[in-house]
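Quick notes on the structure that follows.
Everything numeric here is computed off the predicted structure, so don't read it as measured data. Protein chains get the first letters and strands the later ones, always in sequence-line order, with residue 1 at the start of each.
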Amino acid sequence: MHALDFIDPGTPAVPEPAAGAVKQVTVEIDGFSVTVPDGTSIMRAASQLGNQIPKLCATSSLKAFGSCRLCLVEIEGRKGYPASCTTTVADGMKIRTQSEKLGQLRGNVLELYLSDHPSEAECCSSNNRCELHEMAAAAGVSESRYSLSGVDGIAAGRTHQHSSKDESNPYFVFNQDACIVCSRCVRACDEVQGTFALTIEGRGFDSKVSASQAESFLDSECVSCGACVEACPTTALTEKSVLSLGKAEQAIATTCAYCGVGCTFKAEMKGEQVIRMVPYREGHANHGHACVKGRFAYGYATHADRITKPMIRSKITDPWREVSWDEAINYAAAEFKRIQAKYGRDSVGGITSSRCTNEETFLVQKLVRAAFGNNNVDTCARVCHSPTGYGLKNTIGESAGTQEFDSVMQADVIMLIGANPTEGHPVFASQMKRRLRQGAKLIVIDPRQIKLVRTPHIEADYHLQLRPGTNVALMNSIAHVIVTEGLAHDEYITDRCEAQSWEKWQAFVSDPKNSPEAMEAITGVPAMAVRAAARLYGSAPNGAIYYGLGVTEHSQGTTMVMAIANLAMATGNLGRVGVGVNPLRGQNNVQGSCDMGSFPHEFSGYRHVSDDAVRATFESEWGVELDSEPGLRIPNMFEAALDGSFRALYIQGEDIAQSDPNTNHVTAALTAMECVVVQDLFLNESAKFAHVFFPGSSFLEKNGTFTNAERRIGRVRKVMQPLGGLEDWEATVRFSNALGYPMSYTHPSQIMDEIAALTPTFTGVSYEKLDKLGSIQWPCNEAAPDGTPTMHIGQFVRGKGKFFVTDYVPTREKTTSRFPLLLTTGRILTQYNVGAQTRRTLNVVWHDEDRLEIHPHDADVRGILEGDWVGIASRAGETVLRAQVTDRVQPGVVYTTFHFPESGANVVTTDNSDWATNCPEYKVTAVQVVKVNQPSEWQKRYHELTERNTRIRRDADVHV
Amino acid sequence: MHIDYLVRMANDIGAFFANEEDKKVAAASIRQHIHRYWDPRMRSRIIAYYNETGGGELEGPVRAAIQQLAEETAAKA
Ligand code: SF4
Ligand code: SF4
Ligand code: FES
């Protein structure tokens, strides 16, 4: 069932053409005239007049199908009764949507459907709407005169009633009784989601909806995106939450707090209870689609593990003591002041979160710079996309992706590097798959066989399955082909790029040492395939590059981002729709947290702290003197903690003890500090080393904005009161006041106004404008009052684009006889990042532990069978996981996810990092894998520590 | 701060500029990077290491870059 407040125009809008305008057509419907784009259905045109023609098999997210015959109309001068969903308007058409004959025909159709459908009382049992009963009520049909007996040889009294229900999916039920076989679900799965999990099985009376090969939904190919549930016009597919909680009363638009796609949702609420989340059709990032995380996995927000009281303790081995907000805040402030007095101004710092709002992030970095008086602030983007910022800023001038998601619909060749969108960015993956089914070509560059390499109706043209850590070598060899085979776009380069940098770069890549043939020994990719893929990208009218953490999380992460920008510039693939360089950001607000000045060396809008003019604007707005020297980055903070010069840390919404590499090193650093303040929903891994805990607020409990991977700023709206009493930004405000630096915001919109006043790319952004436009892509300022979907049109933000020579430098992390395999890491669809949220939802039915993927050959020589416990040892540490034997990974490479803390995936990863940004090299670790029969030493210690450091003594006298 | 850690970081930066034929330009770029992105305590630690030992483990133009930083600091003092 679609959203509470959605009026379904029945068929999709006519897509806007790449160039020019669509012809407009005027028709008359029941005497009213309406003008619509050519190609619009009669049904949609009528809807524009507020006239909802009865329908069952049509809905605007799907192509018209014309099977139910309920939407019939009469057209003057034409015989018969055409279906209004499949018939498009023609100039001057005169259409009637109501007549006695039409009423009769529709009545018959409805009675037939009703004859094999649960009664209104059974079906619509107050909790849900059923379009069939709504249509019947509107048409005045209340009961059926039909019985199915005798029709088409159907035995007397035979119906589909009381067939079995499929309740296997944790979030929705399939009840065949109520199914009218309109195939809206099947088409939603195909057209919207692109998974092709559903079919109509059988014919005639026996036809029914079936998941994969007549499997249960849970066992089938279904990825639980929920598109079919929303498309279903009856109660056949219904959310379990709706069945148990009843019908929502209001719908509030907000933004998903999971991945960087940043889908817009309507939170359907009953009081303060979420009944369900429905993706918003007007959402610019998702156009009404969602994935299993955003649509269904919000239960963590009210999970029993939520910590809702502030807590303090003087030693990390003490039990926690619940206290009032005032006591917790005053304690933290006193500690920070004491530590600064003793060890100096620079001995404290803060970490902002990509999971928090722009406003909250901005405040934390302001607190560090203005109240702590130093620049020791960093954000978790350090460990994911910091190379993107550095690489793109230096080559083309702005630290952000160049396109909007919709741009992919005009790409001819898509190059996907080190990203796994069907798992990490599912809604964008659905859009990309739609484009690929229309015929766009696909090049996948990934050590692992990701789903997009081969999935229903899609097959990558080339999968360059390189060895982990050789990205730059491969990219240079692709560039070699482009330049030496004359595929570079000379005119574009002359016009838009720095000539000297081009000369140098093209001489560099043309060197035979960079040819695919020479590089083959390093990358392991056949030279022929590299040449063919390079030619495909180089000769595409529109070539678009999408990339993920497989690019950035390497010792040459920044070099690779530059290599990507070089390639796009050399082929003229920047500065228009359909092309571009597009980093797929992991978490919801990675882009935003970077934009907001979370890095130790720059203010919001990516301006260096040593820039006197910029600093002066902040100093006058904030009324304090600011430090002109860069502060510590996260890994540097750890080093400084270990040498005693860094003693206190305020961490908002991050879990560095789980997400950062070389866990033993991180926890040693945290243990060395005197005051760690953790603000989070749960007692996370880092909280085990904390002295103060501020209860965090979930995205449902606060106002703010998130900025997605396409620079789109979207509103987050409060739908319930914060369980801990304060929204996260409110806690920061109180902390700052206690430290003696006054902040007086009463609403996040005031924080956004300050951001706009201080940041040239945000000057036009306000909550008022966000309410009006729905969302805004920055830059949004005088030059672009409604925002900027495509960047670098006409010229680069930098002025002239600059090519950088990108020598391949092998990582220090080398395989040896002791550590003969390369471990690389990634994500899966149903879990999110450190898993703190998704592990506390029913999503665990799909993934309840991290597994180690190993190639059958490597498993075989080690005597490892599917499901065996295996020890994984690297130079940094050792952990134990269960094996999954699969040829998705190549021989010599093993792979795991890191969603569960007890897996200890990061116990194994090392502290090698990107040369420019210190982004850790998560993607390459030399390891040995052996069969074992007990957990690792680390895991044993982990369990002891969990036991000891998370005790809470609940006897405090608490006032807020 | 562990000097090995800083030396390794500095050499990683140097590796990116290794292709630069003009070693003066390479050294200036490395110096500039460290100046813009390293916190002062990291810079003073590596400068102290250079002053005390001559920076034997700093590879190629990295040593010249740190030398520049050391000279600038000395000039300011
Ligand atoms: S939930 Fe999504 S993937 Fe599963 S059957 Fe429905 S549309 Fe297909
Ligand atoms: S997790 Fe990502 S794709 Fe899924 S609903 Fe949220 S923003 Fe959309
Ligand atoms: S809605 Fe047009 S035929 Fe079903």
Margin query: Let me confirm one number: the OG1-CG distance from A/T559 to B/D12, rounded to the nearest 0.5 Å.
Written below: 10.0 Å
Note to self: Given heavy-atom pairs under 4.5 angstrom as the criterion, report whether the side chain, backbone, both or neither of A/D807 touches chain B.
What the structure shows: side chain
Item checked: B/L6 side chain reached by A/E639 side chain, heavy atoms, under 4.5 Å -> no
Notebook entry, point to check: With chain A, which of B/R45, B/H35, B/H33, B/M42 has the greatest number of heavy-atom pairs at distances under 4.5 Å?
Noted result: B/H33
Check: Using 30° and 60° as the class limits, which term best fits the ring planes of A/H608 and B/Y37: parallel, tilted or perpendicular?
Finding: perpendicular
Item checked: Nearest non-hydrogen partners of A/N636 and B/Y5, listed with the distance -> ND2-OH, 2.9 Å
Check: Considering all heavy atoms of both residues, which atom of B/R41 and which atom of A/D346 are nearest to each other, and what is their separation?
Finding: NH2-O, 2.7 Å
Next item on the list: Would you indicate whether B/E72, at its atom CD, is surrounded by more than 12 heavy atoms from other residues, nucleotides or ligands within a distance under 6.0 Å?
Entry: yes
Note to self: Just so I know, are the side chains of A/R633 and B/D39 near enough to count as touching, which here means a heavy-atom distance under 4.5 Å?
What the structure shows: no
Check: Do A/N912 and B/R8 come within less than 4.5 Å of each other through their side chains, counting heavy atoms only?
Finding: yes
Item checked: Structural part of A/N374 lying under 4.5 Å from a heavy atom of chain B -> neither
Next item on the list: Sort A/V809 into side chain, backbone, both or neither according to what part of it lies under 4.5 angstrom from a heavy atom of chain B.
Entry: side chain
Checklist line | A/P630 to B/P40 - nearest heavy-atom pair and separation | finding: O-CD, 3.3 Å
Check: Under a 4.5 Å heavy-atom cut-off, does chain A meet the side chain of B/R43, its backbone, both or neither?
Finding: side chain
Margin query: Please classify the contact of A/Y390 with chain B as side chain, backbone, both or neither, using a heavy-atom distance under 4.5 Å.
Written below: side chain
Notebook entry, point to check: About how many Å separate CH2 of A/W915 and CD1 of B/I30, when rounded to the nearest 0.5 Å?
Noted result: 9.5 Å
Note to self: Quick check on the interface: out of A/S913, A/S610, A/S645, A/G644, who has the most heavy-atom pairs with chain B under 4.5 Å?
What the structure shows: A/S645
Next item on the list: Select one option (side chain, backbone, both, neither) describing which atoms of A/F804 are under 4.5 Å from chain B's heavy atoms.
Entry: side chain
Check: Checking heavy atoms, do the side chain of A/L642, its backbone, both or neither come under 4.5 Å from chain B?
Finding: neither
Note to self: With a 4.5 angstrom heavy-atom cut-off, is it the side chain or the backbone of A/M637 that approaches chain B, or both, or neither?
What the structure shows: neither
Checklist line | Engaged part of A/T917 at the chain B interface, taking heavy atoms whose separation is under 4.5 Å | finding: neither
Notebook entry, point to check: Side chain, backbone, both or neither: which part of A/N918 has a heavy atom under 4.5 Å from chain B?
Noted result: side chain
Note to self: Regarding A/E602 and B/R36, does a basic nitrogen lie under 4.0 Å from an acidic carboxylate oxygen?
What the structure shows: no
